[in-house]
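These numbers come from a predicted model, not from an experiment.
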Amino acid sequence: MASTQPAREKTGVVAAYLRAVAAQSGAAPATYPPPRGKRYPGSRRWPLRWPGPGAPPLGPAGVDRLSALLLGYAPRRLELITNAAFAAMSGKPAASPEQARMLPAWFTSRRAVPSGGAFHAAELYVVWAGTAELPAGVYHHDPVHHALELLRPGDPGAALDRLLGAAGPEPRHALVVTCRVFKNAGKYRAFGYQLAMMDSGVLLGQLAGSPLAGPLHLAADPRTAEDLLGLAGELETVVAVVELPVSRCGGGAGVSPPPSDAVPPTPVGLDGDRHNLAAADPAVTALHRAVRAGARPVPRGPSTDAVAPPTPAGSGPSPSAGSPSVALPPPAAPSRAAAAHRASANDLAPGLTVAQLAGILAYAGGRRPGGALAELTGHPHHPALWCLVSRVDGLAPGAYRYDRDRHLLCPSTAHDGAPGRVHNPLDAAMSTAGASLFVVAEGQPPIDRLDPLALRDLYLRTGAAVQLAALAAQTVGAATRPMGGFGVGAATALLGLPAGAVPLLQLLVGVPRPRAGSLAVAFTEGSADA
């Protein structure tokens, strides 16, 4: 009996958190502190080059490749661009009316997906082995000014070995992705933890698709990484480390002194996080503590580009009688250039085809990705994809589950094939004439019996699926609109989900349609990765 007690305590923490989310009302608080960006005033800064009209193209090696990676794959949105950068990238005067309309008066860092709140909870840190252009050390990326802030000088190789396990003889750089767990809790309360982790997963899906990315680690010990970065772990925790082999970044590592023992400088921008932590639901703080205590380092040697293993059989529903599965056309590989245009659509129009839907499902479901993406999509508990089809050329309306192993759409027991009988649970707020995809937690154990670390990783993988769907949609000429707020009960009934399955996030899918009066600015990445 004693041996089962720790497991029961862990799952009890998860169940208590899920009850707290279910119990909160849908209305947002009347007032809450605005999320702020994080910076390290007084630290030494290395501005990175912006591409843009008239600017020299970014080079194929070293810091220019790092700059292209951070510009093309890090969280950014028009609101986080500085005045000078806006002028350089758009070719418009610094005092143009468009700039005045789009840029806020207060400092923040915003995201494009998956929520309308647009305040990204992730932070990026660069652990650099040292090149001729950038000394070895640990840096924080300031996305607003596209600069690196030095936190700790010196060779970080030994610290990475402690964190991830020893690698081969070749030096390695790394990106460390953290989540400010309570950044958005003032608005979203208990649900803010789930949303913050999904947002971090969105960023992981983006980063892992870069040709520079090596192995991706979700289970790295956050306490070791927090010490390396000088983080306040109760506010900000490490969710993943993405290795960047020196050979892929270009340039060899130079001879660098050992890392400094100096304490990293004190950051600013976390006052709102502290306020939200003090007012947080006890179930959220208990879950966060349990996650930090449960993670362990995972030693790995030199990596190979693994292929995602198959999804366990038998986890989906039985096909509806008289409704055979639908074989989907072969998907095309998503274009790397899509990463520069990853934004949810303002509006969605009819005209989605079954070939477009097939490409989105294959990439988001983990059928095609390998390498760094395999860590996100190849896990046995990777969430499943379900569809509510309203109007897709070449596909009957109804509810389906995507079988990634066979690349099929399997009609669920809720499928009746009658046009007009399947409705979006969000009709009152937003609807699409195409399809609604749902990222669903299913299989064993059910979500309320997961341990805290497994729940966190489920949310991260959900966010990654969202981002992969967005990138694939961009490639095939479609568009997605992720939505975190929807009727879970209505979606469960419409999809005909098996017992214990829980829809986590909805993506509206259709053909992009511009909205009159919205500003469109063409950015040029100048990236050698495109």
So that I can tick it off, tell me whether [Y] and [X] are bridged by a salt bridge, with the cut-off set at under 4.0 angstrom between side-chain N and carboxylate O.
| X | Y | answer |
| --- | --- | --- |
| Glu236 | Lys183 | no |
| Glu123 | Lys38 | no |
| Glu442 | Arg401 | yes |

[Y] and [X], any side-chain heavy atoms less than 4.5 Å apart:
| X | Y | result |
| --- | --- | --- |
| Tyr400 | Leu388 | no |
| Leu408 | Leu328 | no |
| Met198 | Leu505 | yes |
| Tyr17 | Leu455 | yes |
| His173 | Val126 | no |
| Tyr193 | Val291 | yes |
| Leu361 | Cys387 | yes |
| Leu497 | Pro503 | yes |

With side chain to side chain contact (heavy atoms under 4.5 Å, CB included) as the test, would you mind laying out the steps for Leu437 and Trp386 before giving the verdict? CA-CA 6 Å; Leu437 305 188; Trp386 290 68; over 6 Å; no

Could you walk me through whether Val239 and Leu460 pass side chain to side chain contact (heavy atoms under 4.5 Å, CB included), step by step? CA-CA 8 Å; Val239 297; Leu460 291 173; 4.2 Å; yes

Apply side chain to side chain contact (heavy atoms under 4.5 Å, CB included) to Asn276 and Tyr188, showing your working. CA-CA 10 Å; Asn276 293 335; Tyr188 294 108; over 6 Å; no

What is the minimum heavy-atom distance between [X] and [Y], and which atoms define it?
| X | Y | result |
| --- | --- | --- |
| Val389 | Ala396 | CG1-O, 3.8 Å |
| Pro329 | His407 | O-NE2, 2.9 Å |
| Leu18 | Asp448 | CD1-CA, 3.6 Å |
| Gln24 | Ala190 | OE1-N, 3.0 Å |
| Gly500 | Pro446 | O-CB, 4.4 Å |
| Tyr363 | Leu468 | CD2-O, 3.3 Å |

Spacing of [X] atom [atom1] and [Y] atom [atom2] [to the nearest 0.5 Å]:
| X | Y | atom1 | atom2 | value |
| --- | --- | --- | --- | --- |
| Lys187 | Leu195 | NZ | CG | 9.0 Å |
| Leu204 | Met197 | CG | CE | 10.5 Å |
| Leu395 | Asp393 | CG | CG | 10.0 Å |
| Phe182 | Leu277 | CZ | CG | 5.0 Å |
| Asp199 | Asn184 | CG | CG | 7.0 Å |
| Ile360 | Leu352 | CD1 | CG | 6.0 Å |

Taking [X] for the side chain and [Y] for the main chain, is one N or O donor matched with an acceptor at less than 3.5 Å?
| X | Y | answer |
| --- | --- | --- |
| Ser412 | Leu495 | yes |
| Gln194 | Phe191 | no |
| Glu243 | Pro215 | no |

Hey, mind stepping through Gln506 and Leu508 against side chain to side chain contact (heavy atoms under 4.5 Å, CB included) and telling me if it holds? CA-CA 7 Å; Gln506 180 191 33; Leu508 308 181; 3.7 Å; yes

Can you name the one residue among Glu226, Arg180, His288, Arg456 that meets side chain to side chain donor-acceptor pair (under 3.5 Å) with Thr237? Glu226

For Val127, run the side chain to side chain contact (heavy atoms under 4.5 Å, CB included) check against Leu175, Leu228, Leu163 and tell me which one passes. Leu228

